[in-house]
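Presented below is the structure to which this report refers.
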Amino acid sequence: MLVPMSCPHLSDDDAAAVDAVLRTPYLSNGPRIEEFERDFAEYVHTPHSVAVSSGTAGLHLAVIAASVDKGDLVITTPFSFVASANCVLYERGIPVFVDIDPVTLNVDPALLAAAAGDLASGRRAARRWLPPTVRASASRRGALRALLPVHVFGQPADMGPICAVAERHGLVVIEDACEAIGAEHEGRKAGTLGDVGVFAFYPNKQMTTGEGGMIVTSREDWAALFRSLRNQGRDVFDEWLEHSRLGYNYRMDEMSAALGLAQLSRIEQLLAKREQVAAWYNQRLGALDGVSIPCLAPTTNRMSWFVYVVRLAPEIDRTMVMTRLSERGVPSRPYFSPIHLQPFYRERFGYEEGCFPVTESVARSTLALPFYGNMGQEQVEYVCEALRESIP
Ligand SMILES: Cc1ncc(COP(=O)(O)O)c(C=O)c1O
């Protein structure tokens, strides 16, 4: 049996929705974008949604709205997809990493509070939170501007203490909810708990638009700013060739928006199918020696299953397990590789192994298994059996 790593859940209705757009002259800047934004805002209970060309583009615009400028600091997690830190670099800011909670795999709120306290006050102790090359450099640093928690693998970060820290120090909270559509934290939807939240719709996500993302905020001025920035800096009153500010082409096209609308109309079904697949995995792997299944925090009312990631006991050789799985037609991934150990982060900021021990030990042990909504019980059984056989 060959099992894919991930697979979008596409229907005839999805195809018909995209096809219908192709029979109109409106392939961009048309009515589907507005409908998609309206329905998305309603789904996550937020006043404003702004569709963009990717999650990365959305994060970049959120960082601009937070007024991050040269040398400014943004506290975030090293255990994420690289885009959640790169977006700070796009504005010449400095991502300040703090380590994670070993159970939820999200940023540790106590460490985040300690770092924010030191960095906001400019105390000498603040230096210890900075990347090694920044610590050593004499050039002036900017201000601490924002906190950027990531809802890793679809589980919300502990937003209560994070938002309290932001309030105490006057910081913006940017939620990277790219993996967490539909997740709920203490009864509220992930992405709507901070000042601005960003979702992503790449084909491996819970719902897809091909490429695409969505920014949500309750601030009307920021929603207007995002609409201008995504559209080459045009303001609503600008003519087509007038540009009030430096902008980007981060627009989502009408075909993507039509697909997004169709997928969003059955989002509960898409999430429920993934939850069922995760439950099958949990049942079969819960008692397997050497394997730990994902843990939910007490504050997580609802996990939005993006990937299914187990952790292997430290004595198990993960590379060997992956090879054996692959020989049985089962792909797997070591998910995530820490951001601070990516080659250009090492080079630019002087990071090395040992800087974030919890992140590094988690990253050495994780194994993402094939996971998608259409996965059948037999496929889950096959993967679990292959994993059992692959562990010595
Ligand atoms: C946590 C996280 N942040 C940001 C992104 C970037 O989204 P996109 O690929 O749509 O640019 C992703 C997507 O994989 C992600 O998982």
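Counting starts at 1 for both ligands and their atoms, in listed order. What you see below is based on every heavy atom in this structure, not just the backbone, and it leaves out hydrogens, waters and symmetry mates.
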Closest non-hydrogen protein atom to [atom], residue and atom name please, with distance?
{"atom": "atom 16 (O) of ligand 1", "answer": "E179 OE2, 2.6 Å"}
{"atom": "atom 5 (C) of ligand 1", "answer": "F81 CD2, 3.6 Å"}
{"atom": "atom 6 (C) of ligand 1", "answer": "T56 OG1, 3.4 Å"}
{"atom": "atom 3 (N) of ligand 1", "answer": "D176 OD2, 2.7 Å"}

Does any donor atom in the side chain of [X] or [Y] lie under 3.5 Å from an acceptor atom in the other side chain?
{"X": "E91", "Y": "H60", "result": "yes"}
{"X": "T359", "Y": "D99", "result": "yes"}
{"X": "S365", "Y": "R311", "result": "yes"}

Under 4.0 Å, counting heavy atoms only: does K205 come that close to any atom of ligand 1?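 Contact check K205 vs ligand 1: positive.
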Which atoms from ligand 1 have a heavy atom of [X] less than 4.0 Å away?
{"X": "C178", "answer": "2 (C), 3 (N), 4 (C), 5 (C), 12 (C), 15 (C)"}
{"X": "S80", "answer": "1 (C)"}
{"X": "V150", "answer": "1 (C)"}
{"X": "S54", "answer": "10 (O), 11 (O)"}
{"X": "A200", "answer": "7 (O), 10 (O)"}

Within 6.0 angstrom of E242 CD, more than 12 heavy atoms from elsewhere: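 Correct, the count exceeds 12.
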Please report the shortest heavy-atom distance between A66 and I174, naming the atom on each side.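 The answer is CB-CD1, 4.2 Å.
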Between A116 and V165, what is the shortest heavy-atom contact and its length? CB-CG1, 3.5 Å
Hey, quick one: are L89 and L144 part of the same hydrophobic cluster, counting side-chain heavy atoms closer than 4.5 Å, chains of contacts allowed? yes
Could you give me the CA-CA distance, side-chain angles and deciding distance for D235 and R245, then say whether salt bridge (Lys or Arg N to Asp or Glu O under 4.0 Å) is met? CA-CA 8 Å; D235 256 322; R245 56 178 59 77; 3.3 Å; yes
For ligand 1 and S84, I'd like to know whether there is a polar contact (N/O to N/O, distance under 3.5 Å).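 By distance alone, the answer is no.
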G55 N/O to ligand 1 N/O under 3.5 Å: yes
